[in-house]
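Counting starts at 1 for both ligands and their atoms, following the listed order. Numbering starts at 1 and runs along the sequence shown. Hydrogens, waters and symmetry mates are skipped; everything else that's a heavy atom, side chains included, is used.
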Amino acid sequence: MYKSVLLMFILLATYSCTESKKDNNTTTETTNIDKKWWKEAIVYQIYPRSFQDTDGDGIGDLKGIINRLDYIKSLGVTAVWLNPIYSSPNDDNGYDVSDYRNIMSDFGTMEDFDKMLSEMHARDIKLVMDIVVNHSSDEHEWFKESRSSRDNPYRDYYHWWPAEKGEPPYRYSLFDAEGNAWKYDEQTDSYYLHYFSQKQPDLNWENPKVRQEVNDILKFWAEKGVDGFRLDAFQFAAKDTTFPKFPDGFEKNFIQYYAMQDGLHKYLKEMNSEVFSNYDVMTVAEGAGRTLEEAHELVDADRNEINMAYAFDAVDIPKADGYDLATFKETFSKWDSAFAKKGWISIFLSNHDQARMVSRYANDVLAYRAPSAKMLNTFILSMRGTPYCYFGDELGMTNNPKLKNIEDYKDIAAINGFKKAKTNNEDLDEYMRNLRFGSRDHGRTPMQWDASENAGFTTGTPWLPLNPNYKSVNVNAEEQNEESVLNHFKKMTALRTNNDVLVYGDYKLIQKEHKQIYAFTRTLDKDEVLILLNFSENEASFALDNLAAYSEIKINNYLELAHTESEITLKPYQAVILGKD
Ligand code: NOJ
């Protein structure tokens with residue numbers, strides 16, 4: 001359908017260009033592929049609080065998701081990852097669970113959940129649940145018991161430090177207003193550990209009872225028929241419970257001290273043998289260790305732990321002052337080559353912990369928002385690895401200019417981070433500049449469905465303000481515009497679904513020194529496609545000796561493509577995939 005003839009010139013081009021030469025020893029062939037549904041999946045991530053409200057409380061709910069399942073299906077995605085929907089006092093929007101077998105009242109009931117799941121399955125959409133078990137809420141029954149007395153049977157479900165031993169060795173907390181992960185609790189004259197907020201006490205994974213509880217919870221959801229689990233912050237779950245002193249300043253590099261501690265693989269192997277291996281589930285842990293080797297140890301099939309790595313290197317690249325395309329290319333190429341033969345990775349540029357991808361990696365000004373959003377979607381959906389598409393990115397949703405001052409933010413990380421910066425006499429203007437660029441709240445503003453009041457998200461007051469651009473950037477408007485970001489997204493999902501080369505094909509970076517264009521090929525058997533992405537707001541040329549060989553335009557985010565026999569000139573943020581006819 002996207003096929004059109006690109007190049008009329010005589011096929012004089014040869015494979016003289018070394019970058020196009022195939023090495024038969026390394027080229028992937030269809031027969032060697034270990035095919036899995038979760039490798040072929042296109043994941044759509046929904047932040048339920050912000051997707052669709054049906055009861056007018058300004059907060060999205062499960063009924064809202066059910067009402068939008070036909071839309072989700074129309075996107076061509078095949079799985080949904082839902083952020084936590086369990087009972088929660090919402091200190092961290094559901095990442096503080098008070099009952100793992102119940103649904104948060106803001107979101108609905110278990111009946112709504114069961115209906116949502118069966119309606120998803122009726123449409124061939126799989127469901128991946130977020131499992132938050134590095135910590136629970138302090139309002140979970142386990143913690144209430146645990147904090148009640150030193151000899152309570154639940155005491156060892158969490159990490160406690162008795163005050164008579166003196167102050168515990170400093171641990172850094174990501175969300176604490178003072179940055180301290182130990183919180184003194186008067187009731188038992190002890191401190192408890194919380195790597196995240198004070199209301200998110202860390203579970204003690206050394207305790208076999210905790211592990212059994214978690215496995216039972218996983219089984220509960222697996223028995224309901226869910227298709228996968230995303231393990232929140234799990235690389236932090238294992239701890240050295242002697243709590244040795246860490247060097248001063250360790251917090252600047254805390255991942256080195258917190259991630260992948262002894263015991264983690266044992267816990268994952270237990271989960272795998274007790275739960276994962278008994279169901280056809282997709283499993284992914286947030287964070288992929290400190291090195292590529294550690295990532296392999298988590299996901300290689302013979303490890304019997306989880307399926308795929310979800311690494312942060314790429315989302316850490318953009319900064320308020322910009323970023324370097326060379327680093328971006330290098331990062332994705334490094335991960336691809338490390339996993340070319342073994343293991344599997346996730347591909348994403350945004351999620352609920354990031355601001356909007358078009359504002360961070362590309363250009364959200366009016367003239368470039370649409371082409372640059374399409375370009376990023378082309379990228380995500382043409383890489384090797386399971387693509388994760390964050391809700392709203394299929395429309396090209398952008399950072400929200402209404403989030404100006406600290407009072408406009410709802411995220412605990414933003415608010416407590418501000419308090420900490422103030423206490424430490426840091427530059428608050430600089431803090432706010434970074435927040436306006438990168439706050440998680442930008443990625444959490446409500447879905448833009450139509451041009452009516454509150455974008456059709458709610459009839460009440462939305463929990464976070466709608467982005468004013470919803471009048472033009474919305475599902476309804478974009479569905480009607482053949483050239484919209486949304487329609488381009490649908491074309492890309494169809495292209496990936498119908499072309500195994502985009503899922504399983506070898507990846508090869510070409511012309512890596514190019515300052516504006518990210519160019520790579522994907523190759524599977526005789527099938528080869530060339531992907532050209534202009535990451536800049538200027539035209540950019542790309543010369544290739546054997547350009548003539550790529551005579552089919554599989555997708556183009558502009559209506560035209562300027563070229564000569566050996567050179568293509570891409571417009572600002574132009575993205576094309578060319579195939580060999
Ligand atoms: C990682 C989650 O993605 C994030 O949203 C959450 O705040 C922390 N883990 C704590 O659960």
Legend entry - Between Phe113 and Phe107, ring centroids under 6.0 Å: no
Inset, instruction - Dump the intermediate steps for side-chain hydrogen bond (donor to acceptor under 3.5 Å, both in side chains) on Asn307 and Trp344, then the final yes or no. - result: CA-CA 7 Å; Asn307 300 149; Trp344 194 253; over 6 Å; no
Inset, instruction - Apply side-chain contact (heavy atoms from CB on, under 4.5 Å) to Ile415 and list each qualifying residue two or more places apart in sequence or on a separate chain. - result: Lys419
For [X], the ligand 1 atoms whose distance to one of its heavy atoms is below 4.0 Å:
X: His135; answer: 10 (C), 11 (O)
X: Phe175; answer: 7 (O)
X: Glu286; answer: 1 (C), 2 (C), 3 (O), 9 (N)
X: His352; answer: 2 (C), 3 (O), 4 (C), 5 (O)
X: Arg440; answer: 4 (C), 5 (O), 6 (C), 7 (O)

Legend entry - Heavy-atom check, side chain of Tyr361 versus side chain of Gln354, under 4.5 Å: no
Closest approach of any protein heavy atom to [atom], naming residue and atom:
atom: atom 8 (C) of ligand 1; result: Phe196 CE2, 3.7 Å
atom: atom 6 (C) of ligand 1; result: Asp92 OD2, 3.3 Å
atom: atom 1 (C) of ligand 1; result: Asp232 OD1, 2.9 Å
atom: atom 5 (O) of ligand 1; result: Asp353 OD1, 2.7 Å

Inset, instruction - Please determine if Lys63 and Asp112 form a salt bridge, counting it only when a charged side-chain N lies under 4.0 Å from a carboxylate O. - result: yes
Inset, instruction - Return the orientation label for the Phe243 and Trp161 ring planes: parallel under 30°, perpendicular over 60°, tilted otherwise. - result: perpendicular
Inset, instruction - Output all residues satisfying salt bridge (charged side-chain N to carboxylate O under 4.0 Å, His left out) with Lys239, sequence neighbours left out; order by chain, then residue number. - result: Asp202
Inset, instruction - For ligand 1, indicate whether the residue Arg230 contacts it via side chain, backbone, both or neither (heavy-atom separation under 4.0 Å). - result: side chain
